[in-house]
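One structure below.
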There are 2 protein chains.
Amino acid sequence: MKITFRDLSKELKNKNIRLSHQRLKVLEYVANNRCHPTVEQIYIHLHKEIPTLSKTTVYNTLNALIDAKMIKQITIEDNEARYDINTENHGHFKCESCGFIYDFEINIDSFDSKDLDGFKILSKDVYFKGICPKCIEQGNDNFN
Amino acid sequence: MKITFRDLSKELKNKNIRLSHQRLKVLEYVANNRCHPTVEQIYIHLHKEIPTLSKTTVYNTLNALIDAKMIKQITIEDNEARYDINTENHGHFKCESCGFIYDFEINIDSFDSKDLDGFKILSKDVYFKGICPKCIEQGNDNFN
DNA sequence: GTTCCTGCAAAAGCTTTGCAGAAGA
DNA sequence: TCTTCTGCAAAGCTTTTGCAGGAAC
């Protein structure tokens, strides 16, 4: 089910974030492209539609949406920030061969440790890395 | 138990990494300061002892040790790479108030998902964020 | 009309690269 | 002696900041 402009506008109004064409487009892209895009990918794609769009605006918007807790930043790799709108209980798997990031179901909420008694836990992230089946099939799994 | 120069030298020889004073010092620091230091912290500390040390060498050394799988890079935050020599089964908790990173015991090896049948899993990381007990006590937990 | 956003240019960080001299094996 | 490492300077990237004009409310 595709998320519409209208849904997103409502959501932004609820959070008291001023609506602008650029913001709606960035949010729409992240909402409908659940591939954990980088800033670069978002920019390249939207620049075709909105030639005046700047990367600054993409950064500003993403940061605003993070503050509003509408999206999450994924830091599975240190040289590229990625963004995800899906807040459900899942982990991220990054293929070290093709770079693609897969979601996988895992019951993160149930994770706990006796070492964290007294800690206020605000977020939990699970990151796996390895080689995906497609790359294994193509023989790209000899990373040692 | 403090890890000695001799232990580290052996380890490096086994991995066919050429020994140098700088490398041993960097490795010694990471081995004996299990606080997940940043490059900056390692550099600042060792620069006092070795005034000619450069950051390039710290980077080079850390990358060499990662390639040799002697240390791990932690990417819990996108603006700072951190390093950890402890390869045991544990997660990382970052306090959003004081920035300190705590280890906690958690049985990561047991984590699995039906979605990952056919995937070759090479590493698993669990990152939690929130507020640590010290900061809660000091009233620094009003992050909303 | 006020406030906030956009987008340019510049700056700020972090990390990597090229290379000449130095050190390890 | 031969290979590899060190450390400086410079470059490469990603992200943030300052600010004037423009858009949202």
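What you are looking at is a predicted structure, and each value in this text was computed from that prediction instead of being measured. First the proteins, then the strands, lettered A, B, ... as listed; each starts at 1.
- Under a cut-off of 6.0 angstrom, the local environment of NZ in B/Lys13 is sparse, with at most 12 non-hydrogen atoms contributed by other residues, nucleotides or ligands.
- Base contact: A/Thr56 has a heavy atom under 4.0 Å from a base atom.
- Across the protein-nucleic acid pair, A/Glu77 atom CD and C/dT15 atom C1' stand 14 Å apart, rounded to whole Å.
- Side-chain nitrogen and oxygen atoms of A/Ser20 include at least one within less than 4.0 Å of the OP1 or OP2 phosphate oxygen of C/dT6.
- Mapped onto DNA chain D by nearest heavy atom, B/Thr61 and A/Asn63 fall at different nucleotides, with B/Thr61 at the one closer to the 5' end.
- Distance CG (A/Asn60) to P (D/dG18): 12 Å, rounded to an integer number of Å.
- Taking a 6.0 Å sphere around NZ of B/Lys134, one finds it holds 12 or fewer heavy atoms contributed by other residues, nucleotides or ligands.
- Applying the 4.0 Å criterion to OP1 and OP2 of D/dT15, one finds that B/Asn79 has every side-chain N and O outside that range.
- Across the protein-nucleic acid pair, A/Ile50 atom CD1 and C/dT6 atom C1' stand 11 Å apart, rounded to whole Å.
- In the model, B/Asp115 has no side-chain atom that pairs as donor or acceptor with a side-chain atom of A/His90 under 3.5 Å.
- Counting atom types as modelled, B/Arg18 pairs no side-chain N or O with a base atom of C/dA25 as donor and acceptor under 3.5 Å.
- Here C/dG13 presents its C1' atom at 12 Å from CG of B/Asp78, a figure rounded to the nearest Å.
- Distance A/Tyr43 OH to C/dG7 P: 9 Å, rounded to the nearest Å.
- Ranking D/dA24, D/dC8, C/dT6 by closeness to the B/Ser54 side chain, first place goes to D/dC8.
- In this structure, the NZ atom of A/Lys55 is 9 Å from the P atom of D/dT15, given to the nearest Å.
- Projected onto DNA chain C by closest heavy-atom contact, B/Glu40 and B/Leu19 fall at different nucleotides, the more 5' of which corresponds to B/Glu40.
- Between B/His21 and B/Tyr59, the residue anchored nearer the 5' end of DNA chain C, judged by the nucleotide with its closest heavy atom, is B/Tyr59.
- When rounded to the nearest whole Å, the span between CD1 of B/Ile42 and P of C/dT15 equals 11 Å.
- B/Tyr102 approaches B/Cys132 most closely through the heavy-atom pair OH-SG, 3.2 Å.
- The nucleotide whose nearest atom lies closest to any side-chain atom of A/Thr57 is, among C/dT15, D/dA9, C/dT6, C/dT6.
- In this structure, the CG atom of A/Leu24 is 16 Å from the P atom of D/dA23, given to the nearest Å.
- Of the charged side-chain nitrogens involved, at least one lies within less than 4.0 Å of a carboxylate oxygen, so that B/Lys72 and B/Asp125 count as a salt-bridged pair.
- Side-chain N/O atoms of A/Gln22 include none lying less than 4.0 angstrom from OP1 or OP2 on D/dA23.
- In terms of position on DNA chain D, the residue among A/Ile17 and B/Leu53 whose nearest nucleotide sits closer to the 5' end is B/Leu53.
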